Amino acid sequence: MSVFGPVVKIHPVVLASISDSYERRNEGASRVIGTLLGTIDKHSIEVTNCFSVPHNESEDEVAVDMEFAKNMYELHKRVSPTEVIIGWYATGFDITEHSVLIHEYYSREATNPIHLTVDTALQSGKMNIRAYVSAQMGVPGKTVGVMFTPLTVKYIHYDTERIGMDLLQRTRLATTRTKGLTSDLSQVGGAAARIQDMLTTVLAYIEDVLSGKVTADNSVGRFLMDLVNKVPTISAEDFENMLNSNINDLLMVTYLSNLTQAQIALNEKLVLL
Amino acid sequence: MKGDAPKAEKCITKFFPPFSGVDQHRLMSSRKESTSTSVAAMASTSGTLDSPVKQIQIEGLVVLKIIKHYQEEGQGSEVVQGVLLGLVVDDRLEITNCFPFPQHTEDDADFDEVQYQMEMMRSLRHVNIDHLHVGWYQSTYYGSFVSRALLDSQFSYQHAIEESVVLIYDPIKTAQGSLSLKAYRLTPKLMEICKEKDFTPEGLKKASIGFENMFEEVPIVIKNSHLISVLMWELEDKSTAADKHELLNLSSSNHLEKSLQLLMDRVDDLNQEIVKYNTYSRNLSKQQQQKHQYIQRRQQENAQRQSRGEPPLPEEDITKLFKPPQAPPRMDSLLIAGQINNYCQNVKEFTSQNLGKLFMAEALQGHN
């Protein structure tokens, strides 16, 4: 039996969903549980969706609304038929005995379910996100216990997700700067500013190396060589030509679209005469 | 919790929410969220909006869900749609959650839709998610979303729920580097017209609707709760994906080609509509002429008869003789004009971005 189980790849939407359900939990509940949906590969499990399931937990018993879980899974299946139940999640730091019971239920739904814990109460100062898979342990013949073995967790996202996340990341900075969600040139300006920042950092490093403050690192030097060589050497004339033809294309298209807009505006006025 | 569900023309069926206004459930739930950091976004609206909703506040979760829905289910098909849930606070519309709609593959989708929606809302209520319908979202292909179906759906939504909006998510533009999410509502004038169903030229003239005041855009703000902010910090740490900087990509011809192709198609459509309208007005004026001639001839005849002492011919009902031609409905041409406008705007945005990038590339070369 392999010690390291499959790698668990999580999409950010799942974690955001879990945090949101934690914030909306009922009075008195200390944690939230729910089902994880996703796809299973040979060596990795990709978690792409989740939904929370109402449950009641007290000292000695736990009740999970199974009907609800089944129902929600059916509804979700209508939208994305490729997602299957791959496990369940719970907020909170530890794994309690109740978790074992819940895990048993989920093993009926899915083969070898994974258990994800997200520490939303931030007990250790960070939000620990861990995944486990259950394994039998104990002396054969006697009482068999269940052990949760940790798995490696990775975060993956689609390209568009990453772009969305970039925007969300910027909400972390408590500024009152207005940033255009849709405006055109300022986005390019923003990207250019970011590259400029990166360049200044690199330049500072080079200065340090030159003045001897930091020892030169060969691999970094090689990266820098790559960087400088990436700007293609084209003869000035060729480049002028390319640049001009591209700019002409764009200007022509702008002119055409302005013309079209003027045309339909005129048409409008004429019709409404 | 049953409500009657009048059906929209094509896709989204509507569902009257059990509570209107502020959601009581939200007041009761122990949501540990307060004001938090936000990024304000100014969209290019023309002046102030006189609608009940001045700003839209979207949670990061909704954005991620919409992106995911398109990514997984939307490749190749026309549009993906879903429902937005949230509540209204003052003059802000807060969108706190959403759920996707299954695709239309079978034809028995009608009944399933309403049931699906009701089931979903009921289940979400159990976990304290706001279940007040506040709008719907749709993905678009290169910005082509101004269509009859959208108009009808949005009209039925807005008719039932005053503050609803439609969120248009443009995945292709987003893949080019920056999230493209816009919120639209129908202007009150357009609502009036849709209610009357009076799409004749006279009706539109009365309301003086141009393609520019069909939809109004509402600015969007993205807001995250504190916990989600913590999550963001964590992911920033742990995430190993390198930035790809698609925004600074120089290749533009592909995108331009497609946009222009769509623009040309639309202009052709508009052309046809205009031809239709022209024939109509020509017919109308011809008919006017004929009417004139007829009346004149009648008068002449009557004068002759009078001079001969015979009783004048009865005045026949002019309108029965000359039935006025059917005025072509102008709604389609209005929609097409709006769509063309949208395309042009997108193209202009795109070209301005690319011009900036080209100048930057020039600067880079210059230093070389």
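These numbers come from a predicted model, not from an experiment. Chain letters run A, B, ... following the sequence lines, proteins first, then strands; residues in each count from 1. The figures that follow rest on heavy atoms only: side chains count, while hydrogens, waters and symmetry mates do not.
Contact count against chain B (heavy-atom pairs under 4.5 Å) is highest for A/N258 among A/D249, A/N258, A/V32. Taking A/V118, A/N49, A/I156 one by one and counting their heavy-atom pairs under 4.5 Å with chain B, the maximum is reached by A/N49. Of the listed residues A/Q261, A/M72, A/Q263, A/R78, the one with more heavy-atom pairs under 4.5 angstrom with chain B than any other is A/Q261. Taking chain B as the reference chain and counting heavy-atom pairs below 4.5 Å, the highest number among A/T48, A/V53, A/T82 is found for A/T48.
Heavy-atom distances place both the backbone and the side chain of B/V127 under 4.5 Å from chain A. Interface residue B/P100: backbone and side-chain heavy atoms are both found under 4.5 Å from chain A. Using a 4.5 Å cut-off between heavy atoms, B/I336 makes no contact with chain A at all. For chain B, the nearby part of A/E240 is the side chain; its heavy atoms alone come within less than 4.5 Å. Heavy atoms closer than 4.5 Å to chain B are found in the side chain of A/L251, but not in its backbone. Neither the backbone nor the side chain of A/E74 comes within less than 4.5 Å of any heavy atom in chain B. When heavy atoms are compared at a cutoff of 4.5 Å, A/S21 does not approach chain B at all. If you measure heavy-atom distances from B/E119 to chain A, the contacts under 4.5 Å come from both the backbone and the side chain. Contacts of B/I66 with chain A are absent, with no heavy-atom separation under 4.5 Å from either backbone or side chain.
For A/S245 (side chain) and A/M242 (main-chain N/O), a donor-acceptor pair under 3.5 Å exists by modelled atom type.
Not a single ring pair (Phe, Tyr, Trp, His ring centres under 6.0 Å) links B/H69 to another residue, sequence neighbours left out. Scanning for ring pair (Phe, Tyr, Trp, His ring centres under 6.0 Å) contacts around A/Y73 gives an empty result, with sequence neighbours left out.
The environment of A/K9 atom NZ is sparse: at most 12 non-hydrogen atoms of other residues, nucleotides or ligands sit within 6.0 angstrom.
Using a 4.5 Å cut-off on side-chain heavy atoms (C-beta onward), B/Y169 and B/V80 make no contact. Using a 4.5 Å heavy-atom cutoff, the side chains of A/F51 and A/L37 are in contact. No side-chain heavy atom of B/L263 sits under 4.5 Å from any side-chain heavy atom of A/L256. Between B/M120 and A/H76, the closest side-chain pair of non-hydrogen atoms falls below 4.5 Å.
In this pair, B/F101 and B/F99 present their aromatic rings parallel. The plane angle is below 30°, not in the 30 to 60° band.
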